[in-house]
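Bear in mind the structure is a predicted one, so any value in this text is a computation, not a measurement. Lettering follows sequence order; numbering is per chain, from 1.
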Protein chains: 4
Amino acid sequence: MTVDALIEATARILVRDGFDKASTNRIAEKAGVSVGSLYQYFPSKEALVTAVIERHSQELMQVVRDALADAATLPMEQAVRVLVNAAIEAHRIDPELHRVLAEQIPRTGRPENTEVLSGETYALFRAYLEAHCEEFRAVDLGLAAFVCVTSIEALTHTAVVHHSESLSNEAFEVLIDEATRLIVRYLQ
Amino acid sequence: MTVDALIEATARILVRDGFDKASTNRIAEKAGVSVGSLYQYFPSKEALVTAVIERHSQELMQVVRDALADAATLPMEQAVRVLVNAAIEAHRIDPELHRVLAEQIPRTGRPENTEVLSGETYALFRAYLEAHCEEFRAVDLGLAAFVCVTSIEALTHTAVVHHSESLSNEAFEVLIDEATRLIVRYLQ
Amino acid sequence: MTVDALIEATARILVRDGFDKASTNRIAEKAGVSVGSLYQYFPSKEALVTAVIERHSQELMQVVRDALADAATLPMEQAVRVLVNAAIEAHRIDPELHRVLAEQIPRTGRPENTEVLSGETYALFRAYLEAHCEEFRAVDLGLAAFVCVTSIEALTHTAVVHHSESLSNEAFEVLIDEATRLIVRYLQ
Amino acid sequence: MTVDALIEATARILVRDGFDKASTNRIAEKAGVSVGSLYQYFPSKEALVTAVIERHSQELMQVVRDALADAATLPMEQAVRVLVNAAIEAHRIDPELHRVLAEQIPRTGRPENTEVLSGETYALFRAYLEAHCEEFRAVDLGLAAFVCVTSIEALTHTAVVHHSESLSNEAFEVLIDEATRLIVRYLQ
DNA sequence: TATGAATGAGCATTCATTCAT
DNA sequence: CATGAATGAATGCTCATTCAT
């Protein structure tokens, strides 16, 4: 319970104040425990932030995993649409947190945060491509997965994180169409 | 001269030590002036970082501007290829600085750094699309520019910043082909 | 048993990590009990350290007591030699602990640690002098005991604690000769 | 001036509160400057304490150096008396500080504080012995210097630091006689 | 009796910023 | 204009001690 409260408090303070202002004393106070307790469960501020990243990543990946499981047997266009939808849904879990995590966290050691967040997606999507390779042109699957995942991630991330207020639901629908078209025609 | 030295020193320290370790005293020392002088020319550390962003953006944008000027009269496929090449070239100007700027700088206030870096690109590319709209399907030009610019930026950024060491020159050539195909077929 | 384990753990951690790093939690862990139990038997960290000093002093004093009992009936030169040997033996019981105790422990209140360690020796040696006063010149016995005990303690302490590695067994034998001569001729 | 004030404040706080309670903030406050200034002149608390040790050692050694220069041409007994007097005078410079420095400072790295404080004395006294070796029996000069310096240091240290209040001036005179006798007869 | 989670004051250190010279 | 000593709030983290179970 204390651990959860600390992770949650860290996430909220990261969002509200940014990484630099997220002091361990403030986090502990917000979590309703003392600094001492914080350090009983996390050896350093970095470990706490890592736990936040981990928790957020797991939530994100669950959405992506579910989507790719659903997509496994669908033809390519529908599969891509499912994935694009999932990407948007994932970014909407906690867009502000996602943004802070993506932009503001000093690297905590290899591998890159970005890769941590997208590495599994890449692998899962590549697996889909392998299973469906007869539906599209011959291409290096690793490269294709990189192009598709990077593009979908960038489009949905930018749309959700930077333009959510200015984009209507219809606009999002259109964006989904366009992103799907981008990927499908690329693969054909 | 002092101003230039300060901006350059800030950029180098940002790259070498990261944002958190880039203290104004260290920057001043590296620039060969006193902290006092630093504050004579820049009202705050943030202003200094903003100046670095500004200078880097200008260098980046000059590459992009030149490329789009070159591309203005080219047919779409060649134009897109020129733009993709320019994006890679731009990211290679100072990839480490670009990365620090993109990832590690606490937001300095609206508008987003990302937008600062890509906002003009978006406008320039949209202008190209307007001038060449008969070469491709009917589509919302703003949306199309967003999709294209965001995708190209993400692919080239990720490739240059995160995978430069592991990618051969030929691999970059293939990536350019793929990125070009992605955009061209999307627009067709 | 718990008390012994705690004292032993404290001694070992004092030696290994020094006073500053010897936290009560670490001591309790090393002793295989909880901090709570530590505070059930010792009211404070200071009390624990005092117990370590006490135990070490008792071990030391046993050696000294035995030596002076042996020396009681010996003529002066042999008696002094026995005492010097005992002093070296005593310092060799746990030289590292002795050093930490002597140098690094913040005073825990009157009486001085040094006096705790040497006070009884002083009294015992004075008693020997009283019993053998006809063997040497007339002198204030308290003063003579102070001079002898302080010198023997300093010589053996410095030799064992600071120069053990660099001193061969023969060198120690010579040192014993010299220390004995120092005291014997002083008393004559 | 700031540097001197800091060293002096450190010395006074070391004496008053002991090493553990000598916080850098308290030291700075006592010195009448801010912590920031403290760290402008000393890279760490340890460096500050080292400076205190250094200053105190220099004061001590000046007394000892002067005494041994005076003693150089004197016959042994007078020379030893001069040295014993100097040892007492040296310990009286700042007995409380000497005690804290000798007993309470966590080792700051090789060489031992004790050796730092007494190493030069040892060398100087050995030089005296070399120059006067025909006045006493044949003996290993290094060993003799060790025995003499260690004994004198221990006797004067213990007397001044631990028994100053309880010892009258006459008692000190007697102690000087005894210490001189101890050394002189040892060397004869 | 034993436990160990919780406490929170305290510490060493950093750094953006000011201002007298 | 330039200097750089001075400031002091703020930070990450430790540890002796308590107390509900």
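Residues forming a salt bridge (Lys or Arg N to Asp or Glu O under 4.0 Å) with B/E8 (at least two apart in sequence, or on another chain): B/R12, B/R55. The side-chain hydrogen bond (donor to acceptor under 3.5 Å, both in side chains) test applied to A/E29 returns no partner, not counting sequence neighbours. Taking the side-chain contact (heavy atoms from CB on, under 4.5 Å) definition, one finds that B/F42 meets it with B/V3, B/L6, B/I7, B/A47, B/L48, B/A51, sequence neighbours left out. Take A/V35 and apply the side-chain contact (heavy atoms from CB on, under 4.5 Å) test, not counting sequence neighbours, and it matches A/T24, A/N25, A/Y39. Every side-chain contact (heavy atoms from CB on, under 4.5 Å) that D/S37 has, sequence neighbours left out, goes to D/V33, D/S34. Residues satisfying the side-chain hydrogen bond (donor to acceptor under 3.5 Å, both in side chains) test with A/H91, not counting sequence neighbours, are A/H98, A/E153, A/T156. The salt bridge (Lys or Arg N to Asp or Glu O under 4.0 Å) check on D/D17 picks up D/R26, with sequence neighbours excluded. Remark: A/Q58 engages A/E54, A/R65 in a side-chain contact (heavy atoms from CB on, under 4.5 Å) (not counting sequence neighbours).
Looking at heavy atoms from C-beta onward, C/V52 lies in side-chain contact with C/L97 at the 4.5 angstrom threshold.
Mapping heavy-atom proximity under 4.0 Å, the span of DNA chain E touched by chain D runs 5' to 3' from E/dC11 to E/dC15.
B/A22 comes within 4.0 angstrom of the backbone, heavy atoms only, and of no base. Using a 4.0 Å heavy-atom distance criterion, A/T24 is classed as a base contact.
Atom NZ of D/K21 and atom C1' of F/dA16 are 11 Å apart (whole Å). Distance, D/D20 CG to F/dC15 P: 11 Å, rounded to whole Å. Between the NZ atom of C/K45 and the P atom of F/dA16 there is a distance of 4 Å, rounded to whole Å. When the C1' atom of F/dA10 is taken as reference, atom CZ of A/F19 falls 15 Å away, rounded to whole Å. The nearest whole Å value for the distance from the CD1 atom in C/I13 to the C1' atom in F/dT14 is 15 Å.
In this structure, C/S23 and D/N25 both approach DNA chain F, and ranking their closest nucleotides by distance from the 5' end singles out D/N25.
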Practice task
Fill in the dot-bracket string of DNA chain F, one character per base: . for unpaired, | for a pair to another strand, ( ) or [ ] for pairs within the strand, taking Watson-Crick or G-U pairs under 3.5 Å.
Solution key: .||||||||||||||||||||

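Remark: D/V35, D/G36, D/Y39 in residues 29-43 of chain D come within less than 4.0 Å of DNA chain E through at least one heavy atom.
Here NZ of B/K21 is found 13.5 Å from CG of B/L14. Values are rounded to the nearest 0.5 Å.
Within the 3.5 Å criterion, the main-chain N or O of C/A5 finds no donor-acceptor partner in the side chain of C/K30.
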